[in-house]
There are 2 protein chains.
Amino acid sequence: MSNSNRYTVIMRDPLPQLPGYSLRRAAHATAAELGERLATLGLRQVDASVLILIAENADVTASALGRQLDIQRANMVPLLKRLDDEGLIERQPLDGKSQALLLTAAGHARMEAALGIIHAFEDELLARIPARHREHLLPALNALWR
Amino acid sequence: MSNSNRYTVIMRDPLPQLPGYSLRRAAHATAAELGERLATLGLRQVDASVLILIAENADVTASALGRQLDIQRANMVPLLKRLDDEGLIERQPLDGKSQALLLTAAGHARMEAALGIIHAFEDELLARIPARHREHLLPALNALWR
DNA sequence: TCCGGATAGCTATGGCCCATAACAATGCTG
DNA sequence: CAGCATTGTTATGGGCCATAGCTATCCGGA
């Protein structure tokens, strides 16, 4: 990345031997890449996640979405406001305090475009991994947080 | 986490099938855990990384450290200042513009304490992973960013 | 039926991590 | 020696997350 030739020094670095550290670095590197691509749609990664989940679960609540994605209710507010301002989602009152979320036509189109980018990206990620390790990544990762 | 019983609704969620998304979630979850433990030492994760690398490479430069850890020079400044203010590192001029970094005695002790926490944490992480997937995690992750 | 606890949506605020731009001073190389 | 690269630094902003607190509403049990 930010390496010149003259100043690249071999350094003793035990960090990449630590799964936790490699996890951090891998997540950061891949997030940056995917983020760039989604930015061409005017979306952040979390926006895409929300659009996908609304598409799969019409009329979900902001709170339910937050629970599923582990996003605090407080942080859902500006997120949904952004999607609303762009005309990607609509909110309809369910009762006096809850509101149902659903995609607009534009939101559905944007979601499908994001899904295309994401799936292509996931394929590239897997392609980077040596075949014998490839199928183990997802179950190993999911064991760490689900 | 933030789930009640009454309000936990089964939602269609294709996201955990995506390695990139699971990577993100796993990294965030584990980082939060490790962060809590390192906070008992008054350290952030990045602080621990820096201390470990200085210990392994006495007299490294701030710039070289930044290259190794993929941290911008600009962002090394407050980081090193914090470690310096706590008496964990020293800086000695190498020439008119570079400075050598090295651990103080307190820094070495703090680094070893951090290393203990980190290794224990890594062991716990691996223990969560089903045995048949375990050994594949590190090589798969490293293939994604190195 | 009514009341207290739980929930929904929201505002405000701060921390951490990262990125970019710019600058002066210094080192290195042709 | 002149020009380019590097170092350390300041300033600034964005993205993401956490917490605290508020009001209004819903719900379940006495």
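Lettering of chains follows the sequences in order, A, B, ..., and the numbering in each one begins at 1. Because the structure is predicted, anything quoted here is derived from the model rather than measured.
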Q. Do the side chains of A/Leu137 and B/Leu141 get nearer than 4.5 Å, heavy atoms only?
A. yes
Q.
Measuring from the side chain of B/Arg91 (C-beta onward, heavy atoms only), which nucleotide among D/dT7, D/dT9, D/dT25 has the closest atom?
A. D/dT9
Q: Report the distance from atom CG of A/Asp84 to atom C1' of C/dC10, rounded to the nearest whole Å.
A: 15 Å
Q. Can you find a donor-acceptor pair, distance only, under 3.5 Å between B/Lys97 side chain and D/dT7 base?
A. no
Q) Are the side chains of B/Arg44 and B/Arg82 in touch, meaning some heavy atoms are under 4.5 Å apart? A) yes
Q | Minimum-distance nucleotide to B/Arg24 side chain [options: C/dC18, D/dC16, C/dT11] | A | D/dC16
Q | Phosphate-side-chain proximity, A/Arg67 and C/dA8, N/O vs OP1/OP2 below 4.0 Å | A | yes
**Q.** A/Leu79 CG - C/dC10 P separation (whole Å)
**A.** 12 Å
Q: Considering just the side-chain nitrogens and oxygens of B/Arg73, establish if one lies under 4.0 Å of OP1 or OP2 belonging to D/dT9.
A: no
Q: For the side chain of B/Gln72, starting at C-beta, report the closest nucleotide among D/dA20, C/dA19, D/dC17.
A: C/dA19
(Q) Whole angstroms only, please: what is the CE-P distance between A/Met76 and D/dA18? (A) 13 Å
Q. Between A/Gln45 and A/Ala31, what is the shortest heavy-atom contact and its length?
A. NE2-O, 3.1 Å
Q | Separation of atom CD in A/Gln99 from atom C1' in D/dC26, rounded to whole Å | A | 15 Å
Q: Select from A/His28 and A/Pro78 the residue whose nearest nucleotide in DNA chain C is closer to the 5' end of that strand.
A: A/Pro78
Q: Could you list all the ring-ring contact (aromatic ring centres under 6.0 Å, His included) pairs where at least one residue sits in residues 114-140 of chain A, not counting sequence neighbours?
A: A/His133-B/His136, A/His136-B/His133, A/His136-B/His136
Q. Separation of A/Ile71 atom CD1 from D/dT19 atom P, in whole Å?
A. 15 Å
Q.
Can you measure A/Leu38 atom CG to D/dG15 atom P for me and round it to whole angstrom units?
A. 14 Å
Q. At their closest point, which heavy atom of B/Ala127 faces which heavy atom of B/Arg134, and how far apart are they?
A. O-NH2, 4.1 Å
Q. Which whole-number value in Å describes the distance from A/Arg44 CZ to C/dC17 P?
A. 20 Å
Q) Distance from A/Arg37 atom CZ to A/Leu43 atom CG, nearest 0.5 Å? A) 15.0 Å
Q: Could you check B/Asp95 against B/Val46 and say which one's nearest nucleotide on DNA chain C is further toward the 5' end?
A: B/Val46
Q.
Output the rounded distance in Å from NZ (B/Lys81) to P (D/dG8).
A. 17 Å
Q. Given axes from five pairs at either end, by how many degrees does the helix from C/dT1-D/dA30 to C/dG30-D/dC1 bend, rounded to 10°?
A. 30°
Q.
Counting the atoms with a prime plus P, OP1 and OP2 as sugar-phosphate, which does B/Ala74 contact under 4.0 Å by heavy atoms, base, sugar-phosphate, or nothing?
A. base
Q. Taking OP1 and OP2 of C/dG27, is either one under 4.0 Å from a side-chain nitrogen or oxygen of B/Ser98?
A. no
Q) Within the pair A/Ser63 and C/dG9, is there a side-chain N or O less than 4.0 Å away from OP1 or OP2? A) yes
Q | Contact under 4.0 Å: B/Arg25 side-chain N or O vs D/dC17 OP1/OP2 | A | no
(Q) A/Leu101 and side-chain contact (heavy atoms from CB on, under 4.5 Å): which single residue from A/Asn57, A/Leu51, A/Leu80, A/Asp59 fits? (A) A/Leu80
Q) Taking only residues two or more places apart in sequence, or in another chain, which ones meet B/Glu33 in a side chain to side chain donor-acceptor pair (under 3.5 Å)? A) B/Arg128
